[in-house]
Protein chains: 2
Amino acid sequence: MEVAEQNTESKILEAARQVFTQKGFAAARMQEIADVAGINKGLLHYYFRNKNKLFKAVFDEAFERFALKVNDIFAADIPLFEKIEAFVDQYMDIMLENPSLPAFVINELNQKGDEFVKGIMNRKHRPNPLLLIGQIQMEVEAGRIRPVNPLHLVLNMLSMCAFPFIARPMFQGLVQVDDATYLKLMENRKREVTDFILNAIRVKQ
Amino acid sequence: MEVAEQNTESKILEAARQVFTQKGFAAARMQEIADVAGINKGLLHYYFRNKNKLFKAVFDEAFERFALKVNDIFAADIPLFEKIEAFVDQYMDIMLENPSLPAFVINELNQKGDEFVKGIMNRKHRPNPLLLIGQIQMEVEAGRIRPVNPLHLVLNMLSMCAFPFIARPMFQGLVQVDDATYLKLMENRKREVTDFILNAIRVKQ
DNA sequence: GTCTATAGGTAGATAGAC
DNA sequence: GTCTATCTACCTATAGAC
């Protein structure tokens with residue numbers, strides 16, 4: 001449960017990430033973060049003044065890391081079909097590497113007020129799907145794919161990749177599978193979702 | 001903000017539903033629930049003993065209402081293509097009627113421990129996708145649709161319907177749309193998602 | 001059944017020794 | 001920088017009058 005050898009600030013951040021992502025802001029306890037970090041509670045305040053600032057540090061870092069990776073894929077200069085495959089692959093890899101992160105981000109954006117969301121969304125590094133939407137639009141106009149609404153297509157891609165991770169407890173509760181089976185299912189899912197999307201937009205012969 | 005004329009227990013439940021779904025269990029305050037209900041804090045404990053029991057009452061009711069509707073669609077005795085259309089339509093209607101509910105359920109299942117999830121999932125009324133999965137399996141074997149993995153297909157359907165509501169703040173933050181526009185988008189989305197799915201599974205001529 | 005007042009516990013934050 | 005001790009505020013829950 002404890003955190004590896006590193007400087008105190010890093011230990012705190014990693015512990016805070018663990019506790020905040022698992023419990024959410026409101027249920028997270030400074031005492032537990034200190035315990036996980038293996039340090040004293042007072043030190044949290046020495047480094048990060050208060051709970052809100054510590055949370056903001058964790059959330060911003062997580063959100064930005066996420067945004068950068070996603071934008072890399074959105075902006076890549078490759079054909080649409082390849083980009084969709086790459087997107088599904090890499091997006092689900094991010095999820096597999098940080099299983100509790102997407103639910104955490106979504107949830108805090110839901111519960112914190114509008115000002116919080118505004119603050120997050122008005123930063124330079126945020127997911128920007130416009131490039132991908134434009135690319136889809138061009139393919140539609142050229143008649144190379146079915147006439148789909150580009151915004152909904154992007155939303156479909158995001159949904160199918162992210163939802164199974166966000167709703168993991170519900171999913172694992174409904175179809176009774178252990179963690180190993182679940183992870184295997186998600187690995188298979190990459191191929192399944194990619195095929196699903198490509199068949200959905202491909203023009204009929 | 002206050003709650004209409006009804007008996008005290010109903011007023012409490014409706015107020016609790018509002019506050020819990022918006023703030024989540026940990027951040028919800030008994031005082032605020034009492035205020036919204038327009039009654040005194042002590043009455044909450046008179047009717048529901050403690051915060052946990054009040055929460056359980058709200059959560060169970062929401063989850064069960066949701067499960068019953070979903071199962072109705074899963075179990076309907078109609079052809080697959082019609083069922084998919086009906087599912088998308090009705091499932092998204094549930095979301096439109098209770099916008100903050102799906103995120104609430106998902107989130108509490110994430111944050112509360114495994115015992116809580118077990119407790120929820122071992123009840124008679126819970127979503128049961130097995131009938132739909134079986135129906136898909138039969139269509140695949142008969143060669144009437146593409147050979148898709150039935151479990152992933154169901155997951156795709158759920159994902160595309162639910163995710164835009166769960167991630168609504170993020171979505172509205174990224175593509176800057178007001179609430180009215182968002183709702184219109186979700187209405188259009190029914191048709192778009194249905195077509196998307198049907199094209200994805202239809203056998204090529 | 002409904003209210004007021006308050007007990008009891010806990011969590012965030014600070015003060016101050018080392 | 002790191003610790004211990006403590007302050008203060010708040011929140012759940014209870015007691016008791018009406």
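So you know, we letter chains A, B, ... as the sequences are listed, proteins then strands, and number each from 1. Side chains are part of it too, since the values below use all heavy atoms of this structure and drop only hydrogens, waters and symmetry mates.
- Think of the region where chain A sits on DNA chain C: with heavy atoms and a 4.0 Å cut, that region ends 5' and 3' at C:dA11 to C:dT14.
- Between B:Glu97 and B:Arg65, none of the side-chain N atoms (NZ, or NE/NH1/NH2) sits under 4.0 Å from a carboxylate O, so this pair counts as no salt bridge.
- We find that CG of A:Leu43 is positioned 12 Å from C1' of D:dT4, with the value rounded to whole Å.
- Counting to the nearest Å, the C1' atom of D:dT14 and the NZ atom of B:Lys41 are 11 Å from each other.
- Counting to the nearest Å, the P atom of D:dC11 and the CG atom of B:Leu54 are 16 Å from each other.
- Heavy atoms of A:Ala28 sit under 4.0 angstrom from primed sugar atoms or phosphate atoms, though from no base atom.
- Under a cutoff of 6.0 Å and an axis angle of 45°, A:Lys112 and A:Phe59 do not form a cation-pi pair.
- Proximity of B:His45 to the phosphate of D:dT14: no side-chain N or O atom is located under 4.0 Å from OP1 or OP2.
- In this model, a donor atom of one side chain and an acceptor atom of the other lie less than 3.5 Å apart for A:Asp178 and A:Thr181.
- Following rounding to the nearest Å, A:Met30 (CE) and D:dC7 (P) show an atom-to-atom distance of 20 Å.
- When the P atom of D:dC11 is taken as reference, atom CG of B:Asn50 falls 17 Å away, rounded to whole Å.
- Under the 4.0 Å criterion applied to side-chain N and carboxylate O atoms, B:Asp179 and B:Arg168 are assigned as salt-bridge partners.
- B:Lys51 has its NZ atom 17 Å from the C1' atom of D:dT14, to the nearest Å.
- Comparing A:Arg29 and A:Gly42 by the nucleotide of DNA chain C whose heavy atom lies nearest to each, the residue mapping closer to the 5' end is A:Arg29.
- Residue contacts shown for B:Asn40 include a base, since a base heavy atom lies under 4.0 Å away.
- There is no side-chain donor-acceptor pair under 3.5 Å between A:Glu139 and A:Gln135.
- Under the 3.5 Å distance criterion, with hydrogens and angles disregarded, a donor-acceptor pair is assigned to the side chains of A:Gln111 and A:Asn107.
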